[in-house]
Amino acid sequence: MTMRTEPGSLYRLLGWLSPAFPVGAYTYSHGLEWAVDAGEVTTEADSRAWLEGVLVHGGGRSDAILLAHAWRAPDAAAVETLAELAVALCPSSERRLETTAQGRAFLEAMRASWPVSRLSWFDALDARALPYPIAVGVAAAGHGVPLAPTLLAYLHAFVSNLVSAAVRLVPLGQTAGQRLVAGFERQVHAVAEEAATAPLDEVGGCALLADIASMRHENQYSRLFRS
């Protein structure tokens with residue numbers, strides 16, 4: 001993948017995928033909260049193994065492939081089909097909430113602050129069924145932001161949010177959190193490179209414990225996170 005990014009595109013990506021962008025990413029743990037409560041994740045090493053599975057074999061990889069296809073989508077009908085597939089692939093109600101609530105919030109913030117005509121492709125789509133990676137892919141393409149850096153920025157934000165959740169839940173220190181983020185650089189690049197050219201029928205994963213964790217989190221007695 002060509003990773004050269006002109007300053008305007010870099011500025012947009014830094015804004016859209018910053019923790020300050022109002023999508024509420026900090027309120028979701030992707031099932032990690034249950035894993036910590038159940039004793040499956042108790043150390044920095046456990047956190048690294050859990051998050052690597054989610055990134056490489058679970059939601060991170062699937063989101064990246066869906067984002068790439070949304071970026072290349074030719075029209076609103078194609079985007080609607082991708083959105084339906086992304087929602088259907090959610091393994092639990094909370095994971096569906098995680099992606100659709102963030103997608104809806106991203107679209108609302110983009111329309112208010114970074115409007116572009118391609119966002120009108122979502123006008124006929126139920127806002128409650130708009131997955132986050134689909135919204136990001138369409139917006140990036142509409143603004144002329146290249147696919148490769150978009151994928152890298154999205155996956156970096158994905159990992160950073162889960163690391164932030166681990167720092168609060170396990171708990172880990174801030175330095176340990178930064179070690180985790182730094183340690184995922186190679187995997188983030190690899191997943192982004194694969195997703196850029198992967199056909200749609202390769203969407204899927206095998207992070208089964210993470211999927212089960214998201215289901216069990218729905219009935220967890222005490223919760224800080226929405227997923």
Side-chain angles (χ1 to χ4, degrees), residues 5-30 32 55 59-60 62-73 75-87 89-90 93-165 167-168 181 188 192 195 224-227:
T5 309
E6 56 92 18
S9 293
L10 180 59
Y11 187 84
R12 288 171 171 80
L13 289 172
L14 289 172
W16 301 341
L17 296 165
S18 160
F21 204 72
V23 297
Y26 67 92
T27 64
Y28 301 98
S29 81
H30 211 78
L32 179 62
L55 170 66
S62 294
D63 275 7
I65 295 173
L66 290 164
L67 187 157
H69 283 267
W71 189 91
R72 288 192 292 264
D75 52 38
V79 168
E80 183 176 2
T81 298
L82 284 169
E84 290 175 352
L85 174 62
V87 169
L89 289 171
C90 294
S93 63
E94 287 191 350
R95 288 277 291 278
R96 173 179 172 140
L97 171 67
E98 181 176 326
T99 191
T100 57
Q102 289 186 81
R104 180 169 65 252
F106 182 84
L107 178 60
E108 291 173 354
M110 288 295 295
R111 282 175 165 163
S113 55
W114 302 84
V116 66
S117 61
R118 193 167 293 202
L119 297 179
S120 66
W121 288 2
F122 296 118
D123 288 351
L125 187 66
D126 185 348
R128 295 168 299 178
L130 173 56
Y132 186 36
I134 305 300
V136 173
V138 170
H143 278 275
V145 179
L147 176 59
T150 300
L151 285 167
L152 187 62
Y154 181 91
L155 289 168
H156 177 272
F158 180 87
V159 166
S160 295
N161 181 63
L162 292 183
V163 167
S164 175
V167 167
R168 287 173 279 166
V181 173
V188 164
L224 296 175
F225 291 80
R226 300 182 74 189
S227 72

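When reading the values below, keep in mind they use all heavy atoms of this one structure, side chains included, and skip hydrogens, waters and symmetry mates. Bear in mind the structure is a predicted one, so any value in this text is a computation, not a measurement. Positions are given from 1, in the same order as the sequence printed here.
Under the side-chain hydrogen bond (donor to acceptor under 3.5 Å, both in side chains) criterion, His69 pairs with no residue, sequence neighbours left out. For Ser93, the side-chain hydrogen bond (donor to acceptor under 3.5 Å, both in side chains) partners two or more places apart in sequence, or in a different chain, are Glu218. For the side-chain hydrogen bond (donor to acceptor under 3.5 Å, both in side chains) test, residues two or more places apart in sequence or in another chain that qualify with Glu98 are His30, Ser227. Evaluation of the salt bridge (Lys or Arg N to Asp or Glu O under 4.0 Å) rule for Arg111 yields Asp123 as partners, not counting sequence neighbours. Qualifying side-chain hydrogen bond (donor to acceptor under 3.5 Å, both in side chains) partners for Arg12, counting only residues two or more places apart in sequence or in other chains: His143.
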Which atom pairs, donor and acceptor, lie under 3.5 Å between side-chain atoms of residues 18-28 and protein residues at least two apart or in another chain?
unit_1 : atom_1 : unit_2 : atom_2 : d
Ser18  : OG     : Ala20  : N      : 3.0
Thr27  : OG1    : Gly24  : O      : 2.7
Tyr28  : OH     : Arg226 : NH1    : 3.0

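Aromatic ring pairs are classed by plane angle as parallel below 30°, tilted from 30° to 60° and perpendicular above 60°; the pair Trp114 and Tyr11 is tilted.
The closest side-chain heavy-atom distance from Thr99 to Val87 is not below 4.5 Å. Asp63 is not listed as a side-chain neighbour of Tyr132, based on a closest heavy-atom distance of 4.5 Å or more. At least one side-chain heavy atom of His156 sits less than 4.5 Å from a side-chain heavy atom of Val181. Side chains of Val136 and Phe106 form a contact here, defined as non-hydrogen atoms less than 4.5 Å apart.
In this structure, Leu147 CG and Leu67 CG are separated by 7.0 Å, a value rounded to the nearest 0.5 Å. The distance from the CG atom of Leu107 to the CG atom of Leu119 is 6.0 Å, given to the nearest 0.5 Å. Here Leu17 contributes atom CG and Asn161 contributes atom CG; the two are 11.5 Å apart, rounded to the nearest 0.5 Å. From Leu97, atom CG reaches atom CZ of Arg104 across 8.0 Å, with rounding to the nearest 0.5 Å.
For Ala141 against Arg118, the heavy-atom pair with the smallest separation is CB-NH1, 3.5 Å. Shown here for Leu66 and Ile134, the closest heavy-atom pair between the two residues is O-CD1, 3.9 Å. In plain terms, the two heavy atoms of Leu162 and Leu32 that are nearest each other are O-CD2, 3.9 Å. Leu125 approaches Ala83 most closely through the heavy-atom pair CD2-CB, 3.9 Å. Annotation for Leu55 and Phe158: closest pair CA-CE2, 4.4 Å, computed over non-hydrogen atoms. Contact detail for Leu82 and Ala73: the closest heavy-atom pair is CD1-CB, 4.4 Å.
Between the side chain of Ser62 and the backbone N or O of Gly59 there is no donor-acceptor pair closer than 3.5 Å. With hydrogens and angles disregarded, no donor-acceptor distance shorter than 3.5 Å links the side chain of Trp71 to the backbone of Ala148.
Looking only at atom types and distance, the side chain of Ser164 has a donor-acceptor partner in the side chain of Arg168 under 3.5 Å away.
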